[in-house]
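Along the sequence shown, residues are numbered consecutively beginning with 1. These numbers come from the heavy atoms of this one structure, side chains and all, not from hydrogens, waters or symmetry mates.
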Amino acid sequence: MDASHIALLKTFTHYFLHFVFPVFIALIFYSKNWKKVYLILLATMLVDADHLFANPIFDPNRGSIGFHFLHSYYAIAVYFLMLFFKGNIRIIAIGLLFHMLTDFQDFYFWSH
């Protein structure tokens, strides 16, 4: 597999995990309110607003985890603690932690 195919697969995987896989999370764990939960999970994408404070905003050779302040290890610890709350706070925590996992795999599991 050449570099262009790997780059395409990496991009597809990244956006699949950000936008499609949360549907499955919502359907499996919150089947009665899956649409609401899916929208909350999508709203956690706003965590990427911290990229706007970086220069350059996007650098393919830079991992988000540990670099951007909402992707810091301290923030991830807060997201983990949010799992112990009930209701929408827990759903937000799931979305944020899954977002961090997606960004982690995007940088560390693929050649860059």
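- You'll find the ring centres of Tyr38 and Tyr30 outside the 6.0 Å limit.
- Counting heavy atoms from C-beta on, the side chains of Tyr73 and Ile65 come closer than 4.5 Å.
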List the steps and the verdict of side-chain hydrogen bond (donor to acceptor under 3.5 Å, both in side chains) for Asp48 and His99. CA-CA 9 Å; Asp48 276 340; His99 183 100; 3.0 Å; yes

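- Side-chain atoms of Thr13 and Phe109, non-hydrogen and from C-beta on, never get closer than 4.5 Å to each other.
- The side-chain heavy atoms of Ser64 and Met100, taken from C-beta on, include no pair separated by under 4.5 Å.
- Between the NZ atom in Lys10 and the CH2 atom in Trp110 there is a gap of 8.5 Å [rounded to 0.5 Å].
- A donor-acceptor pair is defined here as one N or O able to donate and one able to accept, closer than 3.5 Å; no such pair exists between the side chain of Asn33 and the backbone of Lys36.
- Counting heavy atoms from C-beta outward, Phe98 and Thr102 have side chains that approach closer than 4.5 Å.
- Residues Leu46 and Val78 do not share a hydrophobic cluster, clusters being chains of Ile/Leu/Val/Met/Phe/Trp/Tyr side chains in contact below 4.5 Å.
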Would you sort out whether Ile25 and Phe21 count as a side-chain contact (heavy atoms from CB on, under 4.5 Å), showing the intermediate values? CA-CA 7 Å; Ile25 294 173; Phe21 194 79; 3.8 Å; yes

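- No continuous path of hydrophobic side-chain contacts links Met45 to Phe12 [ILVMFWY only; heavy atoms under 4.5 Å].
- Annotation for Pro22 and Phe16: closest pair CD-O, 4.3 Å, computed over non-hydrogen atoms.
- Using a 4.5 Å cut-off on side-chain heavy atoms (C-beta onward), His18 and Leu42 make no contact.
- Tyr79 pairs with exactly one of Thr44, Leu96, Ile94 by the side-chain contact (heavy atoms from CB on, under 4.5 Å) rule, that one being Leu96.
- Asp103 contributes atom CG, which lies 8.0 Å from atom NE2 of His68 (distance to the nearest 0.5 angstrom).
- The hydrophobic clustering, which links ILVMFWY residues whose side-chain heavy atoms are closer than 4.5 Å, places Ile28 and Ile91 together.
- Between Leu52 and Ile57 the shortest heavy-atom distance is CD2-CD1, 4.1 Å.
- No more than 12 heavy atoms of other residues, nucleotides or ligands sit less than 6.0 Å from atom OH of Tyr74.
- Cation-pi contact between Arg90 and Phe85: absent, since separation from the ring centre below 6.0 Å together with deviation from the ring axis within 45° is not met.
- Considering every non-hydrogen atom in both His14 and Asp106, the closest pair reads ND1-CG, 3.3 Å.
- The shortest non-hydrogen separation linking Val37 to Ala26 is CG1-CB, 3.8 Å.
- Residue Leu101 is not grouped with residue Tyr15 when hydrophobic side chains (ILVMFWY) are merged at heavy-atom distances under 4.5 angstrom, including chains of intermediate members.
- By the 4.5 Å heavy-atom criterion applied to side chains, Leu97 and Met82 are not counted as neighbours.
- Under the 4.5 Å side-chain heavy-atom criterion for ILVMFWY residues, no single connected hydrophobic cluster contains both Leu27 and Ile92.
- Contact of the Trp34 side chain with the Phe29 side chain is not registered, since no non-hydrogen atoms from C-beta on lie closer than 4.5 Å.
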